[in-house]
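Please read the structure below before turning to the comments.
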Amino acid sequence: MVTFDPLDPSRVLTSRWVADPPLVTAPMLVVAVCGFPFVVLPWFVMVRRRRLLRARARIMAE
């Protein structure tokens, strides 16, 4: 059994897809993998820089 997309009748959706969509699709996985460095690396650089600046301030104060 198939279900047609109401907005685009040329597109066919299987009943399985409609009833039980996949948890992760290929585009979602690619975005997650490629986006990870853009979220984690800036955070890591910020934390590292703050630690270095605090250490430098402590050294200069002594």
Side-chain angles (χ1 to χ4, degrees):
M1 183 172 166
V2 295
T3 305
F4 292 97
D5 188 352
L7 300 176
D8 183 12
S10 64
R11 184 173 173 217
V12 176
L13 302 172
T14 64
S15 297
R16 182 174 170 269
W17 178 276
V18 174
D20 186 24
L23 183 63
V24 177
T25 61
M28 290 169 53
L29 187 60
V30 169
V31 168
V33 169
C34 293
F36 184 76
F38 291 104
V39 173
V40 172
L41 287 179
W43 179 83
F44 176 77
V45 169
M46 179 193 67
V47 169
R48 178 72 177 147
R49 183 172 185 268
R50 282 186 170 188
R51 286 183 181 173
L52 289 174
L53 288 174
R54 284 185 189 153
R56 181 179 177 196
R58 260 189 263 128
I59 291 170
M60 298 299 273
E62 290 178 354

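Counting from 1, the numbers follow the sequence of the chain as shown. Just so it is clear, the model here is predicted, and its values are computed rather than measured.
Taking CD1 of Ile59 as the reference point, atom CZ of Arg54 lies at 14.5 Å (rounded to 0.5 Å).
Looking at every heavy atom in both residues, Ser10 comes nearest to Asp8 through OG-OD1, 2.8 Å. Pro37 approaches Pro42 most closely through the heavy-atom pair O-CD, 3.4 Å.
Put simply, Val24 and Val33 are part of the same group of oily side chains (I, L, V, M, F, W, Y) that touch within less than 4.5 Å, one to the next. Under a hydrophobic clustering in which Ile, Leu, Val, Met, Phe, Trp and Tyr are joined whenever their side-chain heavy atoms come within less than 4.5 Å, directly or via other members, Val30 and Leu23 fall into different clusters.
Counting heavy atoms of neighbouring residues, nucleotides and ligands inside a 6.0 Å radius, atom CE of Met46 exceeds 12 of them.
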